[in-house]
Amino acid sequence: MVLVAAGYFSGAGAVQKYGGVPPHPGVRAYVKAVLRRFYAYERLLQDGAGGASPARAIAGP
């Protein structure tokens with residue numbers, strides 16, 4: 001998931017070039033923000049939706 005977010009922000013070529021998340025502050029901040037939101041949604045769903053999958057709940061039925 002980390003590499004997907006980094007690739008979305010900076011491009012797959014940059015992720016391949018650096019062998020992971022590129023060392024640019026903007027990329028790292030974006031990945032951190034995406035993961036923070038993802039895990040917040042996941043906690044919210046586990047607390048209130050009986051353990052439904054976060055991707056499923058965000059995408060809909």
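The chain is numbered in sequence order, starting from 1.
- In terms of heavy-atom proximity, Val27 sits nearest to Ser10 at CG2-CB, 3.8 Å.
- Between atom CD of residue Gln46 and atom OH of residue Tyr41 there is a gap of 15.5 Å, rounded to the nearest 0.5 Å.
- Summarising the geometry of Ala6 relative to Val21, their closest heavy-atom pair is CB-CG2, 4.1 Å, with the distance given to 0.1 Å.
- Minimum heavy-atom separation, Val34 to Ala5: CG1-CB, 4.3 Å.
- The shortest heavy-atom contact between Gly20 and Leu3 is CA-CD2, 3.7 Å.
- The closest side-chain heavy-atom distance from Tyr30 to His24 is not below 4.5 Å.
- A continuous path of ILVMFWY side-chain contacts below 4.5 Å connects Tyr8 to Val2, so both sit in one hydrophobic cluster.
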